[in-house]
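Following: one structure in structure tokens, then a few remarks.
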2 protein chains.
Amino acid sequence: MPKELSVRVVGECCQLATTTMDDAAAARIAPMFKALGDPVRLRLAAMIAAQDEICVCDLTPHFALSGPTISHHLKILREAGLVDCERRGTWVHYWIQPAALQSLSTLLQAPIPR
Amino acid sequence: MPKELSVRVVGECCQLATTTMDDAAAARIAPMFKALGDPVRLRLAAMIAAQDEICVCDLTPHFALSGPTISHHLKILREAGLVDCERRGTWVHYWIQPAALQSLSTLLQAPIPR
DNA sequence: TTCCTATCTTGACATACTTCGAAACAGTGG
DNA sequence: CCACTGTTTCGAAGTATGTCAAGATAGGAA
């Protein structure tokens, strides 16, 4: 087994390499990536991030999907902690959670690109 | 909290906000997030990123999964462009594709946190 | 050479989860 | 009351995950 030959250059790629990605950490973080792993949700997240906040009624027209389906995708983004929302009168407003995006970004970031 | 102070800070959250996330872009990028959206694959990616390169035989023992299942997950990481591999003799060696991780990181990064 | 073993991938399959729309429900305001 | 907005529920269709068995590739022994 070539274990001795693959010299441990730990930490030279990115945080992903140095972070203790045990079972629990993976189970906590994976749902966030999973939420962004759907084209509709990725576009929804981008549209929400592009403004201070945005009404669902402004999101729906951009997709060839029913209201319930958009609502379902928004719920997944919400449960992943990537967005939050509040009802104000008739409309529900969504906004991005920058800290969540930042934590994912840091995880993937390469301080010492090779 | 005076809402006028944080009005329309388009592009101030992250690249995700400014990137043209049209249908095509979303379809291209989402599979990468999706690949990382599974706890097993996230741990695999972390283990691969933690070394210059690593043999499949060194990955498998860390999981309570069969060889074929690990191979399946590695294939998904490979097809997403997050890792690459090469057979050398008996063993197959995997390594991370730092550029792919970096592009995802940049997308999520918040240059001007708010 | 031929046979055998080890490593990894692929194919076939059962089970579980995702996605989506139709209908029903809940909250707001005229 | 009614109209409007958005969410939830339910079911059908599609997709993903995991195991077992078989195939492909490499290398060593007889």
Side-chain angles (χ1 to χ4, degrees), chain A residues 1-6 23 26-27 29-45 47-48 51 53-95, chain B residues 23 26-45 47-48 51 53-96:
Chain A
M1 225 166 266
K3 209 171 277 182
E4 287 71 19
L5 290 179
S6 46
D23 236 335
I29 298 168
M32 300 197 209
F33 283 124
K34 188 173 190 174
L36 294 175
D38 178 275
V40 172
R41 290 195 292 267
L42 189 54
R43 286 178 59 203
L44 281 171
M47 294 172 70
I48 294 170
Q51 306 203 18
E53 60 179 46
I54 187 166
C55 171
V56 175
C57 62
D58 289 332
L59 292 170
T60 307
H62 290 89
F63 299 85
L65 294 171
S66 68
T69 299
I70 297 296
S71 185
H72 162 73
H73 285 301
L74 288 172
K75 183 179 184 178
I76 290 177
L77 289 172
R78 218 188 312 137
E79 290 177 343
L82 298 174
V83 304
D84 200 0
C85 70
E86 188 185 57
R87 176 163 208 148
R88 284 203 289 280
T90 304
W91 294 282
V92 177
H93 298 260
Y94 276 77
W95 58 88
Chain B
D23 237 335
R28 193 180 67 251
I29 298 168
M32 300 196 209
F33 283 124
K34 188 173 189 175
L36 293 175
D38 178 275
V40 172
R41 291 194 292 267
L42 189 55
R43 287 178 59 202
L44 281 171
M47 294 172 69
I48 294 170
Q51 306 202 18
E53 59 180 46
I54 187 167
C55 170
V56 176
C57 62
D58 288 331
L59 292 170
T60 306
H62 290 90
F63 298 85
L65 294 170
S66 66
T69 299
I70 297 297
S71 187
H72 164 73
H73 284 300
L74 288 172
K75 183 180 185 180
I76 291 176
L77 289 172
R78 217 189 312 138
E79 290 177 344
L82 298 174
V83 304
D84 200 1
C85 69
E86 187 185 55
R87 177 165 207 147
R88 283 201 291 280
T90 304
W91 294 281
V92 176
H93 298 260
Y94 276 78
W95 57 88
I96 205 79

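Chain letters run A, B, ... following the sequence lines, proteins first and then strands; every chain starts at 1.
Atom CH2 of B/Trp91 is separated from atom P of C/dT9 by 14 Å (rounded to the nearest Å). To the nearest angstrom, C1' of C/dT19 lies 15 Å from CZ of A/Phe63.
Across all strands, A/Ile76 comes closer than 4.0 Å only to sugar-phosphate atoms, never to a base (heavy-atom distances).
Between its two ends, the helix from C/dT1-D/dA30 to C/dG30-D/dC1 turns its axis by 10°, counting five pairs per end and rounding to 10 degrees.
For residues 34-44 of chain A, the salt bridge (charged side-chain N to carboxylate O under 4.0 Å, His left out) pairs, not counting sequence neighbours, are A/Arg43-B/Asp23. For residues 58-69 of chain A, the side-chain hydrogen bond (donor to acceptor under 3.5 Å, both in side chains) pairs, not counting sequence neighbours, are A/Ser66-A/Thr69. Screening residues 71-86 of chain A for salt bridge (charged side-chain N to carboxylate O under 4.0 Å, His left out), with sequence neighbours left out, gives A/Glu86-A/Arg88.
To the nearest 0.5 angstrom, B/Tyr94 atom OH is 4.5 Å from B/Leu74 atom CG.
Screening A/Val83, A/Leu36, A/Leu59 for a side-chain contact (heavy atoms from CB on, under 4.5 Å) involving A/Leu44 leaves a single residue, A/Leu59.
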| request: Sugar-phosphate atoms are those with a prime plus P, OP1 and OP2; base atoms are the rest. Using that split, label each nucleotide of nucleotides 20-30 of chain C B, S or - for protein heavy atoms under 4.0 Å, 5' to 3'. | output: SBBB---BSS-

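Contact of the A/His73 side chain with the A/Leu77 side chain is not registered, since no non-hydrogen atoms from C-beta on lie closer than 4.5 Å. No side-chain heavy atom of B/Ile48 sits less than 4.5 Å from a side-chain heavy atom of B/Leu82.
Closest heavy-atom contact between B/Ala30 and A/Pro39: CB-N, 3.7 Å. The minimum heavy-atom distance linking B/Ala80 with B/Ala35 is given by the pair CB-CB, 3.8 Å. Residues B/Cys55 and B/Cys57 approach most closely at SG-SG, 2.6 Å, considering heavy atoms.
Phosphate contact (OP1/OP2 of C/dT9, side-chain N/O of B/Tyr94, threshold under 4.0 Å): present. Listed pair B/Lys34 / C/dT18 fails the phosphate criterion, with no side-chain N or O lying under 4.0 Å from OP1 or OP2.
Within 6.0 Å of atom CH2 in A/Trp91, 12 or fewer heavy atoms from other residues, nucleotides or ligands are found, so the atom counts as exposed in its surroundings.
Read 5' to 3', the first and last nucleotides of DNA chain D with an atom closer than 4.0 Å to a heavy atom of chain A are D/dT5 to D/dT8.
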